[in-house]
Amino acid sequence: MPHCSLRRTALAWATVAALLPLTAAAQAPAKLKVGLMLPYSGTYAALGTAIENGVRLYVAEQGGKLGGREIEYFKVDDESDPAKATDNVNKLVKRDQVDVLIGTVHSGVVAAMAKAAKDTGTMLIVPNAGAGVVTGPMCAPHIFRSSFSNWQPAYAMGEVAAKKGHKTVVTITHKYAAGDESVGGFKEAFEKGGGKVVKELSLPFPNVEFQALLTEIAAAKPDAVYTFFAGAGAVKFVKDYAGAGLKKNIPLYGPGFLTDGTLEAQGADADGLLTTLHYGDSLDTPRDKAFRLAYAKAYKLQPDVYAVQGYDAAQILGIGLVATRGDITKKAEFAAAVEKATIDSPRGAFKLSKAHNPVQDIYLRQVIGKENKVIGVASKALADPARGCKV
Ligand code: BEZ
């Protein structure tokens, strides 16, 4: 073989060898970029962390891949601040170019996420924020919620309070969409059942100076109080309510956010409280027991409702990605698969409504021995009315 032909052959082999790793890399699908927009600071910080833990646990259980695609996380601390929400979601959508958004906790922040999802076509899975707008007027084929609507546990508690024979209730909440909608749901059921909400008290989020409002409650002497607080706000409110001497005279009710993930900090002041929620600490099903064991092993912590919602957000993502063989741009196929799926949740299996909100049992729970014990089902397979959703 002439010298220059030998050189050409060697060169050709070198080129093939150099290309090989590239070819192999080109065959592996690109990582799926998941944008986590959650509160990692402030009143709802613990809720954001629990949601992320739940997401990561489910993905880890699938070997780190969903629909054949490895997951890469991008994180933004939204601080539960609606004023920063648009900038924060743009960091994920425009700067990081994520394929899917998972977030958030606060109803005033999620509205900006839903708007960004609609404007850009980015897939959105909401792992907590119960704002009616998400599965109401802004509902869309590529927006899903793995948690609840603010109306759901509130409506169930309104029925419970009316059945107990209470006639007058004072409500108290942080003044923003979640609190307003929670009070609205409670009032709808309670007044349908013959009761009357006689006073609606509120304070700006995240203010926790409750004393003046507690004095007003004492003066109004209602049969009961209904409240929406969560995270650090719930810890402080439950302690202050007991500290003001109200707990022994005026029953305190609320959606389960009042006592979920908060019991260690609330201590005896939470004992006996009745709440309604789509999860509890003692469901005692094989599915929930396996989840709780895996969560405790991974994080050295007991899970709460927020962890479950994160886990189920990842399940929804997994169902859509398996059906589209990892191609998240196939939005119609993704949605069709999720719509017909039964989500195998630790809370109990559920399906999504047409508006993509869970249709789920709302449990009646009581705080007993540092646990939210499930003592009954307050409302079976409760669906949010999805007012304003046109799909
Ligand atoms: C909300 O803002 O929607 C919310 C926050 C914490 C717990 C439950 C709901």
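Every number for a ligand or one of its atoms is a count from 1 in the order of the listing. Scope of the values below: all heavy atoms of this structure, side chains included, with no hydrogens, waters or symmetry mates. Quick note: residue numbers are just sequence positions, from 1.
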Within the 6.0 Å centroid threshold, strictly below: His166 and Phe190: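 That pair fails the under 6.0 Å test.
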Are Phe144 and Phe334 close enough that their ring centers fall under 6.0 Å?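 For Phe144 and Phe334, the ring centres are under 6.0 Å apart.
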Can you list, by chain and residue number, every protein residue with a non-hydrogen atom closer than 4.0 Å to ligand 1?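 Residues near ligand 1: Tyr44, Leu47, Val105, His106, Ser107, Asn128, Ala129, Gly130, Phe148, Asn150, Tyr176, Ala178, Phe228, Ala230, Phe257.
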Where the side chain of Gln360 meets the backbone of Ala349, is there a donor-acceptor pair that is under 3.5 Å apart?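 A pair under 3.5 Å: no.
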Taking Arg347 for the side chain and Ile362 for the main chain, is one N or O donor matched with an acceptor at less than 3.5 Å?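 Judged by distance alone, no pair lies under 3.5 Å.
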Does the Lys NZ or Arg CZ of Lys75 fall within the cation-pi geometry relative to Tyr40 - under 6.0 Å from the ring centre and within 45° of the axis?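 Yes, Lys75 lies over the aromatic ring of Tyr40.
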Which heavy atom of Ser282 sits nearest to which heavy atom of Glu371, and what is that distance?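 Here Ser282 and Glu371 meet closest at CB-OE1, 4.3 Å.
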